[in-house]
Amino acid sequence: MEMKARLADGGFRAFLWIWIGQVVSNLGSGLTRFAIGVWVFQETGSATRFTLIAFFATIPAIALSPIAGALVDRWNRRRTMMLSDAGAAVTTVLLVFLLANDALEIWQIYLLVALSSAFNALQVPAFSAATTLLVPKVHFGRASGMNQFGQAAGRVLAPLMAGALMGWIAIEGVILVDLATFLFAVAVLSLVRVPEPERKSPAPGARRPSLLREAAYGWTYIWQRPGLVRLLGYFAMLNLILPFGLVLTTPLVLSFAGAEELGVVLGLASSGALVGGALMSAWGGPRRRVMGVLAAGPLVSLGLAIAGLRPSLVLIGAGFFLITLVVPVVNGCSQAIWQSKVAPEVQGRVFAMRRMIAQFTGPLAFLGAGPLADHVFIPLLEAGGPLASTLGPLVGVGPGRGIGLLFLVLAALFLAFTGLFALSPRLRNLEDEIEDAVD
């Protein structure tokens, strides 16, 4: 008990320890994602089977978010995070067991990835809601920046570490390292104290609402606050536009360069996220956080336009560095708004519903980007294509230039949508119209 209090007895110190545990755990998860992706592609040679890993890693977390949020508001949040990490650790153990017995099949990977994603549906709202009670309100933006810095660091380091480790301890050893990181995160959580919000008990004789009804309350809470509805709509659009660009970066670069050059571009994008996360951690964002969200929109559009303008590694790298530099600021400002304006006792439900609505557009982009590029935009700028003589002098003609044109269209669309959202008084003034729910 003395060790528990000495390690972190609530407050920012507890947040810092939990953050360290989650950064280590996320790094371990990145090792497994990389190793399993390599294994699947080497075993099957199928890009579709490879990309389905990302699909199954995303859908359960989004679909189950409302139920997970309701459970977070019912349960102890520290123990919920421990359950999430422990559940993900179990899926890792099963993966190692199947590999060790030479019994692993593709469908089992999809199932285990989906199961791990389901546990992650608990982790995200539980950690966000716990952060509200651990970190002073003035530092919400910095805390969000730290989280994004940790995620970006994992994306940068995991492929490098996994590539080196696979040649030394093979895929089974890499996954065991991931298991050790889960256990570290659980151990850290067991040694900190996380305060719980005051929860209202049902009136005498009244029945507690069903889990589904409590899950739906997350949307009711948001709908009653029009400024938050508009903020949510803005992020749903952002999460539709950006995945189009991210998933098409690989074919765009490979249309005129090789795998080594692609690695440089992706490295620049990841380094932008690192710098942006570090900036947000130190700065905390502008005082008017809504302005931080809206002002970043034109910069994201500019990054997409730069990346799509010409077949140039410098331009594509610079464009995505700008985008990933700005995104942590956008996310950090938004997270600080939600943490300030949503009552702590319902943040599990509200944050989970927010996550589902804001992120459901991402999988739509992943499904639609390829067909839209292959069957609509690429033919437009092929040699002799319908737009080769008119837009060709601007963006070029040939392989990949249709994708460049699509980037320019996406840039224009997001700039227009940012302007429309900026015209909404409810969004611009939400920090004044909605009272803070956290002291």
Side-chain angles (χ1 to χ4, degrees), residues 59-77 80-81 84 118 120-133 137 140 144 195-240 289-290 293 331 333-364 420-421 424-439:
I59 291 298
I62 295 175
L64 295 175
S65 283
I67 297 297
L71 292 173
V72 165
D73 283 339
R74 286 187 176 191
W75 296 347
N76 179 286
R77 287 168 179 174
T80 301
M81 287 187 280
S84 175
N120 181 257
L122 289 168
Q123 180 71 238
V124 173
F127 188 26
S128 296
T131 299
T132 302
L133 298 174
K137 181 173 63 175
F140 284 167
S144 179
E196 289 292 307
E198 294 184 10
R199 295 181 171 95
K200 296 179 181 179
S201 302
R207 296 181 61 183
R208 184 170 191 166
S210 68
L211 191 62
L212 288 176
R213 188 166 186 147
E214 287 190 345
Y217 178 75
W219 171 244
T220 302
Y221 190 99
I222 296 170
W223 183 252
Q224 292 171 347
R225 293 157 179 81
L228 293 180
V229 174
R230 285 159 179 76
L231 182 62
L232 194 55
Y234 179 83
F235 273 84
M237 183 56 58
L238 176 65
N239 289 327
L240 176 66
R289 285 158 175 162
V290 168
V293 172
N331 289 337
C333 290
S334 173
Q335 178 73 357
I337 291 170
W338 287 90
Q339 286 179 309
S340 300
K341 303 301 181 182
V342 178
E345 66 271 16
V346 300
Q347 283 190 2
R349 283 165 283 178
V350 174
F351 287 2
M353 185 63 69
R354 161 198 168 200
R355 182 188 188 192
M356 185 185 74
I357 296 172
Q359 294 186 5
F360 87 95
T361 50
L364 298 180
L420 286 174
F421 279 102
S424 168
R426 284 295 179 85
L427 178 57
R428 293 198 313 270
N429 300 321
L430 79 83
E431 290 175 273
D432 299 320
E433 291 184 355
I434 304 175
E435 292 184 5
D436 283 357
V438 178
D439 296 329

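Throughout, residue positions are numbered sequentially from 1 according to the sequence presented. Note: hydrogens, waters and symmetry copies are ignored here, and every other heavy atom, side chains too, is used.
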Sorted by chain and number, sequence neighbours left out, salt bridge (charged side-chain N to carboxylate O under 4.0 Å, His left out) with Glu345 holds for none
Measuring only between side-chain heavy atoms, which start at C-beta, is Ile357 closer than 4.5 Å to Phe235? no
ring-ring contact (aromatic ring centres under 6.0 Å, His included) filter on Phe360, not counting sequence neighbours, yields none
With sequence neighbours left out, the residues meeting side chain to side chain donor-acceptor pair (under 3.5 Å) with Ser424 are Arg230
Applied to residues 215-229, the salt bridge (Lys or Arg N to Asp or Glu O under 4.0 Å) test, sequence neighbours excluded, yields none
For Trp338 and Val350, the nearest pair of non-hydrogen atoms, with its separation, is CZ3-CG1, 3.8 Å
Contacts of Ala70 meeting side chain to side chain contact (heavy atoms under 4.5 Å, CB included) (sequence neighbours excluded), chain-then-number -> Leu211, Glu214, Ala215, Arg349
Scanning both residues in full, the closest heavy-atom pair of Pro125 with Phe351 reads CB-CB, 4.5 Å
Are Arg289 and Ser340 close enough that some pair of their side-chain heavy atoms sits under 4.5 Å apart?
yes
Query raised in the report: Would you say the side-chain atoms of Gln339 pair up with the backbone N or O of Lys137, donor to acceptor, closer than 3.5 Å?
Result: no
On a heavy-atom basis, the closest approach of Val438 and Pro344 is CG2-CG, 4.1 Å
Output for pair (Leu430 CG, Ile337 CD1), nearest 0.5 Å, gives 5.5 Å
Across all chains, not counting sequence neighbours, the side chain to side chain contact (heavy atoms under 4.5 Å, CB included) partners of Thr80 are Val72, Trp75, Leu122, Ala126
Residues passing the salt bridge (charged side-chain N to carboxylate O under 4.0 Å, His left out) test with Glu431, sequence neighbours excluded, are none
Taken in chain and number order and not counting sequence neighbours, the residues that satisfy side chain to side chain contact (heavy atoms under 4.5 Å, CB included) with Ser65 are Ala352, Arg355, Met356
The ring-ring contact (aromatic ring centres under 6.0 Å, His included) partners of Phe140 (sequence neighbours excluded) come to none
Sequence neighbours excluded, the answer for side chain to side chain contact (heavy atoms under 4.5 Å, CB included) partners of Arg213 is Pro209, Ser210
Contacts of Arg77 meeting salt bridge (charged side-chain N to carboxylate O under 4.0 Å, His left out) (sequence neighbours excluded), chain-then-number -> Asp73
Q.
What I'd like to find out is whether the side chain of Thr361 reaches to under 4.5 Å of the side chain of Met237, using heavy atoms alone.
A. no
Student check: side-chain heavy atoms of Arg354 and Ser128 closer than 4.5 Å
no
Check for a donor-acceptor pair, side chain of Asn120 on one end and backbone N or O of Ala61 on the other, with a separation under 3.5 Å. no
Looking only at heavy atoms, the pair that brings Ser144 and Gln335 closest together is OG-CB, 3.6 Å
ring-ring contact (aromatic ring centres under 6.0 Å, His included) filter on Trp223, not counting sequence neighbours, yields Trp219
For Arg426 and Pro226, the nearest pair of non-hydrogen atoms, with its separation, is NH1-CG, 2.8 Å
